[in-house]
Number of protein chains: 2
Amino acid sequence: MSKAEHKPATRDGAEPGRDVQHIVTSADVAREAGVSRSTVSRCLSGDRRISDATRKRVQETANQLGYQINKIARSMNTRKSDLIGLVTSGLSDPFRVEFLDKLIFAIQQSGYRPLVIDVSDPAQMGTSMMHLLQYQVAGVVVTSGSPPPEVGVHFLKRNVPVVLVNRAGRLDGADVINCDNVRGGELAADLLLGTGKTRFGFLNVKGGTFSGNVRGETFVSRLAPGLANGDISFTPLVCDSADYDGGFNAAVKFLAQPETAPNAIFCAKDHIALGLLDAARFELGLRVPEDIAVVGFDDIAAARQGAYQLTTVRQSATKLAEMTVDRLRQRIRGDNLADQRLILSVEMARRRTV
Amino acid sequence: MSKAEHKPATRDGAEPGRDVQHIVTSADVAREAGVSRSTVSRCLSGDRRISDATRKRVQETANQLGYQINKIARSMNTRKSDLIGLVTSGLSDPFRVEFLDKLIFAIQQSGYRPLVIDVSDPAQMGTSMMHLLQYQVAGVVVTSGSPPPEVGVHFLKRNVPVVLVNRAGRLDGADVINCDNVRGGELAADLLLGTGKTRFGFLNVKGGTFSGNVRGETFVSRLAPGLANGDISFTPLVCDSADYDGGFNAAVKFLAQPETAPNAIFCAKDHIALGLLDAARFELGLRVPEDIAVVGFDDIAAARQGAYQLTTVRQSATKLAEMTVDRLRQRIRGDNLADQRLILSVEMARRRTV
DNA sequence: TCGTTGAATGCACACGTGTGCATTGCCTTG
DNA sequence: CAAGGCAATGCACACGTGTGCATTCAACGA
């Protein structure tokens, strides 16, 4: 029926029906400015061959008519949109939110727009990513989950770059950006070893995540000498969910007998550490760091708050976002880049829980 | 040059070049299934007029070829995309993040996709919203800032519904959804009046926000009887930013002399209240709620955490998101709706800070 | 004066899809 | 048996833009 409305509207170059609402197109601008539609297109895309006089006139006409380019139509022609797909899974993880915040900002600064895909069911990851191709996205950032390796082929074929951030990198042709989990595990171990505490633990979500596992393994291997001596002990600790509640509930259990429970604990991420801290302090009445020392990972905003003052391994969400967008832009530009893996350095943020 | 590549490629109905990467279109499916392109289109859109046999054959062929519909091309034709614009301003405000989380989920459940527009500079709000029209969005949700009223006209003209959430509603033709700020202010006042404390305060960001102002004004008017008696006093309190640091820094100042400072404080939002609590406890050594009672607004996740246990007015981010998407779908469907304002009820979440 | 050159602009096609209308073929009914 | 109706499908146009190529026109040198 929209067709029916527009049938009576005259064709290219004639007067549009004033009665029905009409969306201003480049053809309207062209007619008003007395040039061809091609010229309008070239003016707005900054083509050098257009004379200054014409350019100015077209620009003014466009502004006057309130012309807004139809990016859908542009994408139709160029077969590329200025959308960048963001694959995420909810906004409950604080560090991911901080990262997405900076990422969205950086994407927009670069003239692109973020198109969010929320993947709650890991099994749907593949099909969800394929959906992004329907929008002719210019690139994709995966901030959660692990895409099935075979989808990479389709993005390669379509020449759409994919960047995995803090993920296990198993995607054909995709770039992988990680923070230095190895160094982070070492820093945590070294700091906790210096406390004189002897019962070590690493708290991670059941089953583990890629990043968490690396952090934990490095942590343990750094403890190896002390373990060999028998000076210290180590206990792997597990929680049901990788968030505050997970850390809280797990801590209530494994800290039940404080005299034998681990008292130097490294958490796979800050969010878990916050739960652990609250459980230790308010549920079990333990003092931090006297009774128990805690180190987190990420340095989320809450870690800096007075109630927590969490000592943690910092990775910069801002830098991570900038690296991501830089890499994406290079790939879109078609740069030939040898390396496919980038590492973001980390540092220890010392506060009051050690 | 992409054109040059495709020039030699044969036209509709012929064999596509196998050498160069080729994106599967509905024409490919049509040829392979031995039907016309129209039939393919109708099959995939579930047109009843297609026979079951043909439908099945086309479906299978499409799957086999890995056909993905080109939504850009579809939007080009229908003049509507399945994108819904989300106008926000960063992801630093916890409640807005919780709301966006639920909103993104609900949008996706309804078959739409969220396109995020981050507006850091309020002056750019208008132009940023106009940019959304370039993508033929099906609807818009404003979760931050106040769009200039005149942009509403363009969305009305294009028949694109706009929903303002917890905003001052001054946009032509837009729906407005608010939580019950009035009731919230009353609940806070009543609860604090019951504590026996006498020095009341309302802490809000400098200049105020729409929601915050309503909450504060209702709060004060509820205190009126006591104020008239001289039984109690009231002090308006101001912070520089509407976040944790703002609350913290402000509290350090106005709580400097605890014996005369307000001791029954209502905060415009939880995030500010958290800063206030940490300042009171760790900077000034005050006990909560013995020395000072605090009520927040929103009931963000952190308010429930052991370290805070903040008593606060709860608004449900989930319900807010559902109301938003429901309203959006109704407008897109073209329902005639009398009311343009919706109110979400609130309730008091009692914890340990009162 | 005429051919040449280069700048500026117009023409026409392509991108992939949805859909009104025409067409085909089969079945029902008088 | 003929006519009409209905189900199923194809034809062709439209959506708004970018861009290769052709065209126009003025300037300039021989």
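As the structure is a prediction and not an experimental result, all values here were calculated from the model. Note that these values count all heavy atoms, side chains included, but never hydrogens, waters or copies made by symmetry.
- In the set dG10(D), dT17(C), dG10(C), the nucleotide with an atom closest to the side chain of R74(B) is dT17(C).
- Residue contacts shown for R49(A) include a base, since a base heavy atom lies under 4.0 Å away.
- When all heavy atoms are compared, the tightest approach of L171(B) to P148(B) is CD1-O, 3.5 Å.
- Side chain of S128(B) to main chain of V119(B): no donor-acceptor pair is present (N/O by atom type, distance under 3.5 Å, no hydrogens or angles).
- Put simply, the side chain of R42(A) and the base of dG20(D) share a donor and an acceptor less than 3.5 Å apart.
- Nucleic acid contact class of T54(A) (heavy atoms, under 4.0 Å, all strands): sugar-phosphate only.
- The separation between I50(A) atom CD1 and dG6(C) atom P is 19 Å, rounded to whole Å.
- A donor N or O paired with an acceptor N or O is not found under 3.5 Å between the base of dG16(D) and the side-chain atoms of R79(B).
- Rounded to a whole Å, the CZ atom of R48(B) is 12 Å from the P atom of dA7(D).
- Taking only side-chain nitrogens and oxygens, S75(B) never comes nearer than 4.0 Å to OP1 or OP2 of dT17(C).
- I72(B) comes within 4.0 angstrom of nothing in the nucleic acid, heavy atoms only.
- R49(A) pairs by the side chain to side chain contact (heavy atoms under 4.5 Å, CB included) definition with R42(A), D47(A), not counting sequence neighbours.
- Nearest heavy-atom pair across P147(A) and M129(A) is CB-SD, 3.4 Å.
- Base contact: S41(B) has a heavy atom under 4.0 Å from a base atom.
- Looking only at distances, no side-chain donor or acceptor of N77(A) sits under 3.5 Å from a matching main-chain atom of R74(A).
- Helix-axis bend for the helix from dT1(C)-dA30(D) to dG30(C)-dC1(D): the local axis fitted to the five terminal pairs at one end deviates from that at the other end by 60°, rounded to 10°.
- Summarising the geometry, the separation between CD1 on I23(A) and P on dC15(D) is reported as 11 Å, rounded to the nearest angstrom.
- At a threshold of 4.5 Å between non-hydrogen side-chain atoms, the residues L342(A) and V176(A) do not count as touching.
- On a pure distance criterion of 3.5 Å, a polar donor-acceptor pair joins the side chain of S38(B) and the base of dT19(C).
- When the nearest nucleotides of DNA chain D are assigned to M76(B) and R57(B) by heavy-atom distance, the more 5′-ward of the two goes with R57(B).
- You won't find any donor-acceptor pair under 3.5 Å spanning the side chain of N70(B) and the base of dG16(C), going by distance alone.
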